[in-house]
Engineer: 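First the structure, then my questions, so here it is.
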Amino acid sequence: MSSSLKERIRIADVFSKNNGEKVLIAGWIEAVRIIGGVIFIVLRDRSGKVQAVIKKNIDEKLFNEASELGSEDVVAIKGEVKEAKTSLGDREIVVEKLYTISRATKPVPIVPEDWEKTNINVRLDWRFLDLRATRNRLIFVVTDEAVNALREFYRSNGFIEVFTPKIVSEATEGGAEVFPVIYFDKPAFLAQSPQLYKQMMMAAGFERVFEVGPAYRAEKHHTNRHLTEYESVDIEMSFIDSHEDVMKMVENAVIYSIKKVNEKYGSYIKQYFPRIPEIPSNVPRITLREAHKLLENKGFKQPDPNDLDTEGERLLGEIMEKEYGSQLFFVTEYSWLYRPFYTMKKPEEPSLTRSFDLIYRGTEIVSGSQREHRADVLENQIKEKGLNVKNFEFFIKFFRYGMPPHGGAGLGLERLVQMMLGLKNIREVRLLPRDPERLSP
Ligand code: 4AD
C-alpha cells in the first residue's frame with residue numbers, strides 16, 4: 001500500500017474530524033451490506049466502529065473490489081470524513097482507497113457481536129474471535145484498570161511487589177487440591193497461593209509486600225465462580241495489632257480499584273453490563289455468628305453452623321444490600337475447623353480465628369487473616385490439622401529467628417471484576433480459562 005499505517009488514526013477520533021477531512025483508518029470488517037449501487041462497510045478497531053461508504057456510480061472499480069470483502073477481513077481505508085446520521089455516530093467515511101491487508105477464511109465460525117446467542121464453550125473455543133466483540137474486550141480493559149489500581153494503591157502504602165515460586169514442594173491451603181508436577185525426579189506441585197513465601201518475606205524484614213500472580217486449584221468445581229487457574233492479588237503486612245489492620249488495608253484497596261474503574265470506564269460499562277461498579281459508602285463487619293443469625297431471621301438455616309456456603313453468601317449479600325445498603329462487607333471470625341493451619345486463633349475463643357472474608361455482591365472475593373507468628377504455637381497448629389511437621393520444617397524455620405506479628409490476604413482478580421460488572425460466569429473474565437474440562441486453547 002502506498003500510505004504508511006503509521007498515518008492511521010483511531011476510529012474513535014474520526015468523530016471529532018471536520019467534514020471533508022482526509023483520514024486513514026484500519027481494522028476488522030464487522031459487516032458488509034450492499035444496497036443497490038452502494039456498499040456500506042462497518043469497520044472496527046479497538047477504539048470504536050464507523051461506517052464507510054462506496055458508491056458504484058462514483059468508482060466502479062473500487063465498488064467491485066469492496067464487494068469481494070466480508071466480515072473479519074482486515075483492511076485499511078483512506079477516505080473523506082462526511083457528516084452523516086448513522087447508528088454508529090454523526091460521521092461516516094467516503095472511501096477513496098481500499099487496502100486489503102488480510103482476508104478471513106469464510107465462513108467465520110462465530111459472529112463476535114452475537115456472543116449472547118453463542119454457547120460459552122463455543123465462544124471459548126474461538127476466543128480470539130469472541131474477543132473482537134467490544135463488550136467482551138471491555139472486560140479485559142476493566143481488569144487492567146482494576147489491577148493497576150490495586151498495584152498503585154499498595155505501592156503508595158509502602159508495599160513492594162514480589163514474585164514467589166509457582167513450583168512448590170508443599171500445599172498451603174489444605175490437603176488435596178493441588179496439581180502435581182514432576183520436577184525432574186522429585187514430586188512437586190503448582191502453587192495454590194504465595195502464602196508461605198509472603199510470610200517468609202515478613203521474616204526477612206520487608207514488612208509490606210504484595211504479589212499479582214497465578215494460583216492453581218485442583219478443585220473439580222463446575223461453578224460460575226471457580227477456575228483451576230486464577231490471578232491472585234496477595235498482600236502480607238507486619239507489625240499489625242489484629243486482622244482488622246489487614247481488613248482496613250484491603251477495604252481501601254478494593255474501594256480505590258472500584259473508584260478508578262468507575263471514573264475511567266463507568267459510562268462504557270453502563271452501555272454493556274448489567275451492573276456498574278458503584279462506590280460503596282460503608283463496609284460493615286459482621287462475625288460468622290452474626291451472619292448465621294441474619295440468615296436465620298429470614299428463614300435460611302445454614303447446614304453447617306461453622307461455615308458459610310455459597311448459597312449462604314449469596315443470600316447474605318442480598319440481605320446486606322437490601323437492608324443495609326452494603327454491597328461490600330466483611331464476615332469475620334471463621335471457625336478454626338475451616339481455616340488453614342497458619343491462621344491465628346481468636347485468643348479469647350480458640351475455636352474461632354482472627355480471619356475474614358470480603359463479600360462483594362454476594363460472592364467472596366478476598367480471604368485473609370492474622371497469622372500465627374509464634375513458632376511453637378504454629379507447630380502445634382500444623383499437628384492439629386493432621387499435617388506432617390517435617391514437611392513444614394522449612395516454613396517453621398522462618399519463625400524461629402525473629403518474626404513480627406503479621407497478617408495478609410488474597411484477592412481473586414477475576415471474581416472482583418466479575419462482581420464489578422455483574423457477570424454470571426467467571427470464565428468470561430479469564431482470557432483462556434482453565435476448568436476441569438478445559439485445557440485448550
Ligand atoms: O480463600 P483462599 O483460598 O485464600 C488464600 O489463598 C489465602 N492464602 C489468602 C490469605 O492470604 N490468607 O483464596 C483467596 C481468594 C478467594 O477469596 C477468591 O477470591 C479467590 O482467591 N479464589 C478463586 N478464584 C477463582 N477460582 C478459584 N478456584 C478460587 N479459589 C480462590
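First listed ligand is number 1; within each ligand, the first listed atom is number 1.
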Engineer: Side chain of Arg430, backbone of Glu414: donor and acceptor closer than 3.5 Å?
Structural biologist: no
Engineer: Output every pair passing side-chain hydrogen bond (donor to acceptor under 3.5 Å, both in side chains) with a member in residues 354-366, not counting sequence neighbours, ordered by first then second residue.
Structural biologist: Gln327-Arg361, Tyr334-Asp357, Arg339-Asp357, Thr353-Ser355, Arg354-Gln370, Asp357-Ser367
Engineer: Strictly below 4.0 Å, N to O, side chains only: are Glu311 and Arg314 in salt-bridge contact?
Structural biologist: yes
Engineer: How does Tyr216 reach ligand 1, by side chain, by backbone, by both or by neither, if only non-hydrogen atoms under 4.0 Å count?
Structural biologist: neither
Engineer: Rounded to the nearest 0.5 Å, what separates atom CD in Glu313 from atom CG in Leu295?
Structural biologist: 10.5 Å
Engineer: Checking Gln418 side chain against Leu423 main chain: does a donor-acceptor pair fall under 3.5 Å?
Structural biologist: yes
Engineer: For atom 2 (P) of ligand 1, which of the options Arg217, Glu229, Arg371, Gln192 provides the nearest non-hydrogen atom?
Structural biologist: Arg217
Engineer: Assess Arg33 against Phe40: is NZ or CZ under 6.0 Å from the centre of the six-membered ring, and within 45 degrees of the ring's axis?
Structural biologist: yes
Engineer: Out of Arg434, Arg415, Glu177, whose heavy atom sits nearest atom 18 (C) of ligand 1?
Structural biologist: Arg415
Engineer: Would Phe210 and Phe159 count as a close aromatic pair, with their ring centres under 6.0 Å?
Structural biologist: no
Engineer: Which of the numbered atoms in ligand 1 are under 4.0 angstrom from any heavy atom belonging to Ser193?
Structural biologist: 6 (O), 8 (N)
Engineer: Mind checking whether Ala409 has a heavy atom under 4.0 Å from ligand 1?
Structural biologist: yes
Engineer: List every atom of ligand 1 that sits less than 4.0 Å from any heavy atom of Glu364, numbering the atoms from 1 in the order shown and giving each element.
Structural biologist: 1 (O), 16 (C), 17 (O), 19 (O)
Engineer: Of the side chain and backbone of Ser367, name the one, both, or neither that has a heavy atom under 4.0 Å from an atom of ligand 1.
Structural biologist: both
Engineer: Could you check which of Glu414, His221, Arg225 puts a non-hydrogen atom nearest to atom 25 (C) of ligand 1?
Structural biologist: Arg225
Engineer: Can you list the residues that meet the ring-ring contact (aromatic ring centres under 6.0 Å, His included) rule with His373, with sequence neighbours excluded?
Structural biologist: none
Engineer: Using distance alone, decide if ligand 1 has a nitrogen or oxygen within less than 3.5 Å of any nitrogen or oxygen in Ile426.
Structural biologist: no
Engineer: Side chain, backbone, both or neither: which part of Val366 has a heavy atom under 4.0 Å from ligand 1?
Structural biologist: backbone
Engineer: Looking at ligand 1, does any of its N/O atoms fall within less than 3.5 Å of an N/O of Gly368?
Structural biologist: no
Engineer: Which of the atoms of ligand 1 are close to Gly408, meaning less than 4.0 Å from one of its heavy atoms?
Structural biologist: 11 (O)
Engineer: Who's closest to atom 10 (C) of ligand 1 heavy-atom-wise, of Gln195, Gln199, His226, Glu236?
Structural biologist: Gln195
Engineer: Can an N or O of Tyr230 be found at a distance shorter than 3.5 Å from an N or O of ligand 1?
Structural biologist: yes
Engineer: Does a side chain donor of either Gln302 or Asp307 reach within less than 3.5 Å of an acceptor in the other side chain?
Structural biologist: no
Engineer: Ile235 versus ligand 1: do any nitrogen or oxygen atoms come within less than 3.5 Å of each other?
Structural biologist: no
